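Below is one structure, written out as structure tokens, with a few remarks after it.
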Amino acid sequence: MPLWSQSLIPTLRENPQEAEIPSHTLMLRAGLIRRLSGGLYTFLPLGLRALRRVERIVREEMDAAGALEVLMPALQPRELWDRTGRYEAMGDVMFKVRDRQQRELVLGPTHEEVITELAAREINSYRGLPRTFYQIQNKFRDEIRPRFGLMRAKEFSMKDAYSFDLGWDEADASYQAMYNAYTRIFTRCGLRTRVVEADTGAMGGKWSHEFMVLAEAGEDGLVECEGCPYAANLERAERRAPDAPPPPQAAADGAAESPRDVETPGCKTIEQVSAFLRCEPARLIKTLIYTVNGRPAAVLVAGDRDLNEHKLARALETGDVALADDATIERVTGAPVGFAGPVGLDIPVYADQGLRGISGAAAGANRADTHVTGVSLDRDAAVTAYYDLAAVREGDRCPRCGGRLREKRGIEVGHVFKLGTRYSERLGALYLDEHGERKPMVMGCYGIGVTRTLQAVIEQSHDDKGIVWPAAVAPYPVVILDLDPSVPASAGAAARLAETLEARGIDVLVDDRDERPGIKFHDADLIGFPLRVVIGRRGLEQGKLEVKRRTEEKAEMVAIEAAAEAVAARIREWSGGVKE
RNA sequence: CGGGGCGUAGCGCAGCUUGGUAGCGCGCUUGCUUCGGGAGCAAGAGGUCAGGGGUUCAAAUCCCCUCGCCCCGACCA
């Protein structure tokens with residue numbers, strides 16, 4: 001029988017200075033975790049119990065989905081990462097170490113290389129497919145800025161899974177199976193999640209979905225459509241182009257005016273130019289000089305829009321896009337930074353689809369202190385191609401149904417990718433099909449941030465008194481507050497109830513501390529045990545104790561003999577329906 | 001890496017402007033009283049004031065450097 005007095009549960013009365021968002025503050029205050037150093041945390045007994053509860057749900061659902069649990073090394077040879085080209089691609093996020101032979105190793109930020117290597121060696125025939133493997137293990141990433149406790153840490157627990165299939169259709173089925181398992185996992189954890197289309201980033205691959213926990217403190221922006229199921233990470237979000245470009249400002253004279261240079265001394269920003277020319281920002285053509293695969297190119301968006309670099313990279317099918325440095329900009333435009341424009345440029349020009357057909361617009365003249373007005377983009381500039389490049393924002397139109405898009409924030413707790421054959425080809429994960437033909441396995445990969453999920457649960461489920469644990473992930477579903485632990489009758493009643501509950505498979509923590517009742521009540525609320533049983537003199541005199549849900553204000557008085565059943569009934573209520 | 005802020009007892013903070021015995025609240029220890037929503041009284045313990053260097057008769061306080069932490073940005077399977 002776990003006794004509070006024998007554990008280490010260092011609750012904090014005040015908000016620690018190191019924490020900013022509710023979940024982080026509460027994890028520290030409730031004595032779940034302690035920081036060792038930036039982005040590195042120790043799990044204390046209660047925090048670890050909660051983490052194990054999440055892991056258990058993940059294991060059960062992965063197993064149920066037919067995935068096979070394995071455990072791969074966190075330390076991996078650099079050579080393996082060179083073979084997929086990701087040693088370079090990952091850059092500084094990988095922790096790099098050397099052994100005493102000076103062999104270069106990395107601390108795994110993820111395990112595509114290792115698992116694909118394994119599949120390449122051990123699976124040779126179509127008879128061995130499909131297979132999905134998973135593990136729960138600590139990952140290491142040298143984050144630029146660790147943040148918000150477990151939300152973005154340098155070492156964190158992740159469940160990663162990898163599927164290997166005969167072909168694309170089969171891979172779709174594996175993907176769907178994981179997608180479904182994820183939905184069940186997060187539901188069982190008591191989370192409300194939103195699935196969004198996502199960018200694949202350094203992972204590569206064709207397609208991916210992220211499972212987002214909607215929260216103010218979320219690090220990711222996303223949009224969802226008010227009229228249809230479309231939802232996407234802002235990194236990837238698309239929009240339907242406006243039906244028509246804004247009409248020319250000087251439309252009165254009928255025909256589009258011709259380009260004319262205007263002196264705009266010192267006007268470098270959109271705000272300055274728009275104020276100077278008395279022209280709304282949407283009528284300015286923002287011209288950004290980029291390097292794409294090392295070569296300069298111009299990228300155009302409307303003056304009131306931001307460019308989405310992820311979308312630019314996707315459109316141009318490259319990972320190598322970066323804003324050009326000042327020297328390059330001056331060389332290709334022949335003007336100081338701030339006066340670039342599309343007219344007369346002899347580099348590729350990529351324009352946002354929202355600019356299609358625009359006329360009577362203004363842009364930089366590629367000459368110091370000068371802009372051009374009366375620009376008709378198609379007539380006056382050589383646009384190489386139009387793409388959807390602008391960053392989507394609240395109020396834009398849905399790419400599917402044309403409805404209004406709404407912006408939200410979320411915490412990414414899960415991410416599923418259709419990887420394709422990128423890794424299997426490079427690492428030789430090939431199989432012989434029934435015709436004796438050698439083919440690459442088609443892969444998918446699927447991650448859940450386990451520690452992050454735990455914190456997301458708290459972020460989504462707390463009140464002004466503390467955490468409100470869903471029963472499925474609470475460190476203990478029940479806490480028994482013994483208000484008079486020095487009184488044998490009281491301690492005896494607490495022990496008997498705890499033993500009865502444990503015999504029924506219900507974990508209980510007994511608060512037997514020699515503390516005043518107020519402290520015990522506050523700590524119980526702070527930690528957020530779903531059920532609280534109070535044993536005190538008042539009740540004992542009538543042979544009763546009280547049972548209260550964390551979510552309810554009022555307690556129920558229950559006869560001592562009926563207490564175990566009363567508790568068990570409430571626990572059943574929580575686990576029923578979801579778990580089957 | 002750029003910008004901003006902070007490092008003083010276990011936690012939260014004051015003191016620094018204007019240099020002169022290191023403080024407050026909570027927590028901790030002991031005793032007495034108290035005991036159903038963070039008790040009262042009394043007595044205590046606990047600090048190289050992040051570290052290093054400099055200025056000065058004298059530095060938590062002024063100057064320089066380094067380190068750590070937090071926030072914003074860039075970045076992010």
Side-chain angles (χ1 to χ4, degrees), chain A residues 10-21 24-25 28-29 31 34-40 81 84 86 89-94 108-113 115 139-149 151-154 156 158-162 198-205 208 210 217 219-221 233-235 309-310 319 322-323 412 414-417 419 422-423 443-449 452 465-466 481-487 490 511 513-526 532 534-541 544-546 548 553 555 557:
Chain A
T11 57
L12 265 24
R13 188 182 295 223
E14 292 170 281
N15 288 343
Q17 189 240 336
E18 74 184 65
E20 195 75 5
I21 63 173
H24 186 197
T25 301
L28 292 164
R29 283 193 57 201
R34 284 295 183 263
R35 194 192 65 200
L36 205 219
S37 144
L40 300 174
W81 288 77
T84 55
R86 285 215 299 176
M90 283 281 174
D92 293 332
V93 303
M94 276 212 284
T110 173
H111 280 71
E112 282 76 21
E113 279 76 4
I115 195 73
K139 298 285 187 272
F140 299 85
R141 290 187 195 174
D142 192 358
E143 293 288 350
I144 295 174
R145 180 142 89 92
R147 231 193 289 223
F148 302 146
M151 212 62 104
R152 177 167 297 274
K154 292 192 174 183
F156 59 98
M158 171 162 142
K159 187 287 303 175
D160 45 327
Y162 308 90
D199 193 60
T200 52
M203 204 61 203
S208 82
E210 286 170 339
E219 289 191 275
D220 289 282
N233 190 309
L234 276 182
E235 290 176 354
E309 281 190 18
H310 299 275
L323 212 46
E412 178 193 347
H415 202 158
V416 292
F417 295 83
L419 282 183
R422 169 179 173 175
Y423 294 89
M443 294 176 56
C445 78
Y446 318 92
I448 288 180
R452 182 185 282 186
K465 288 189 281 195
L481 305 192
D482 179 0
L483 298 189
D484 303 294
S486 59
V487 176
S490 190
D511 187 355
R513 293 176 299 169
D514 179 22
E515 290 288 357
R516 300 172 64 79
I519 289 180
K520 298 191 176 198
F521 289 131
H522 277 273
D523 277 346
D525 286 341
L526 174 61
R532 187 189 80 185
V534 178
I535 298 177
R537 202 181 60 210
R538 260 176 10 200
L540 277 184
E541 283 167 359
K544 290 183 173 176
L545 39 72
E546 75 177 48
K548 186 182 97 63
E553 270 308 304
M557 296 305 292

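Computation of the quantities below employed the complete heavy-atom set of this structure, encompassing side-chain atoms and omitting hydrogens, waters and symmetry-equivalent molecules. Keep in mind it's a predicted model, so treat the numbers as computed, not measured. Chain letters run A, B, ... following the sequence lines, proteins first, then strands; residues in each count from 1.
Here A:K520 pairs with A:D511 under the salt bridge (Lys or Arg N to Asp or Glu O under 4.0 Å) rule; sequence neighbours left out.
With rounding to whole Å, A:L483 atom CG is found 13 Å from B:rA39 atom P. Separating the CD atom of A:E18 from the C1' atom of B:rC69 is a distance of 9 Å, rounded to the nearest angstrom. A:Q17 places its CD atom 15 Å from the C1' atom of B:rG10, with the value rounded to the nearest Å. When rounded to the nearest whole Å, the span between CG of A:L28 and P of B:rG12 equals 10 Å.
Residue-to-nucleotide contacts include a donor-acceptor pair under 3.5 Å from the side chain of A:E546 to the base of B:rG36. Applying the 3.5 Å distance criterion, the base of B:rG37 shares a donor-acceptor pair with the side chain of A:R532. Side-chain N/O atoms of A:N15 and base N/O atoms of B:rG12 include no donor-acceptor pair closer than 3.5 Å. With hydrogens and angles left out, the side chain of A:R152 and the base of B:rC76 share a donor-acceptor pair within 3.5 Å. No hydrogens or angles were tested; on distance alone, a donor-acceptor pair under 3.5 Å links the side chain of A:E14 to the base of B:rG25.
On the P atoms, B:rC28 is 31 Å away from B:rC16, given to the nearest whole Å. For B:rC41 and B:rC57, the C1' atoms lie 45 Å apart once the distance is rounded to whole Å.
Looking at heavy-atom distances under 4.0 Å, A:G536 makes contact with a base. When heavy atoms are screened at a 4.0 angstrom cut-off, A:D160 is found touching no nucleic acid atom at all. A:F148 comes within contact range of the sugar-phosphate backbone alone, with a heavy-atom separation under 4.0 Å but no base atom that close. As judged by a 4.0 angstrom heavy-atom cut-off over every strand, A:R145 is placed among the base-contacting residues. Across all strands shown, A:L12 has no heavy atoms under 4.0 Å from either base or sugar-phosphate atoms.
A salt bridge links A:E143 to A:R152: one of the charged nitrogens lies within less than 4.0 Å of a carboxylate oxygen.
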